[in-house]
Amino acid sequence: TALNAFESELGAQPPLGFFDPLGMLDDADQDRFDRLRYVEIKHGRIAQLAFLGQIVTRAGIHLDGNIDYAGHSFDSYPNGLAAINGPDAIPGAGFGQIFAFIGALELGVMKDIEGTGNEFVGDFRNGTIDFGW
């Protein structure tokens, strides 16, 4: 089958081998596989950062200072979904800024640029940071 082409990829292990329950890679080539692997790694990193953000803010750790010129402090806003929807939620303009910042990171920073010394799919160092791996 077409899935046998990906049996040697990282993550394929016994007893299941290469596991594709939704059939997203039926009749797929290596480029399609690499694109899905890239997106999986990127979204996994975003989910890890979101979880870490929840843990840190719920532990009571907030940035010092004010979030705006009106004098609202960072810890004056609630945690979790209440920060988006509710009586004490972040104002719409603030949420728009967060959304625009994430979009700028997605379009300008978190890219896998060819020819910059990337060693694996999802290597976003792009030749600028070398941790000596």
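Taking OG of Ser73 as the reference point, atom CG of Leu63 lies at 10.5 Å (rounded to 0.5 Å). Between atom CD1 of residue Ile90 and atom CD of residue Gln97 there is a gap of 10.5 Å, rounded to the nearest 0.5 Å. Note: Asp29 CG to Asp34 CG = 9.0 Å, rounded to the nearest 0.5 Å. Between Arg37 atom CZ and Leu25 atom CG the span is 9.5 Å, to the nearest 0.5 Å.
Ile98 is not connected to Met110 by any chain of hydrophobic side-chain contacts under 4.5 Å among Ile, Leu, Val, Met, Phe, Trp and Tyr, and they are in different clusters. Residues Leu16 and Leu22 do not share a hydrophobic cluster, defined by chaining ILVMFWY side chains whose heavy atoms lie under 4.5 Å apart. Linking Ile, Leu, Val, Met, Phe, Trp and Tyr residues whenever their side-chain heavy atoms come within less than 4.5 Å leaves Leu49 and Leu105 in two separate clusters.
Between Asp64 and Phe74, every side-chain heavy-atom pair lies at or beyond the 4.5 Å cut-off.
Identified under the ring-ring contact (aromatic ring centres under 6.0 Å, His included) test for residues 34-72, with sequence neighbours left out: Tyr38-Phe124.
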Using atom types as modelled, flag every donor-acceptor pair under 3.5 Å from a side chain in residues 77-89 to any protein atom, sequence neighbours excluded.
none

>> side chain to side chain contact (heavy atoms under 4.5 Å, CB included), that's the test. Do Glu9 and Gln30 meet it? Break it down for me.
In response: CA-CA 11 Å; Glu9 293 293 338; Gln30 188 66 37; 3.3 Å; yes
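Summarising the geometry of Phe6 relative to Phe18, their closest heavy-atom pair is O-CD1, 3.6 Å, with the distance given to 0.1 Å. In terms of heavy-atom proximity, Asp26 sits nearest to Asp20 at N-OD2, 4.2 Å. The two residues Glu7 and Ala12 make their nearest non-hydrogen contact at O-CB, 3.3 Å.
Side-chain atoms of Asp68 come within 3.5 Å of backbone atoms of Gly71 as a donor-acceptor pair (strictly under, hydrogens ignored).
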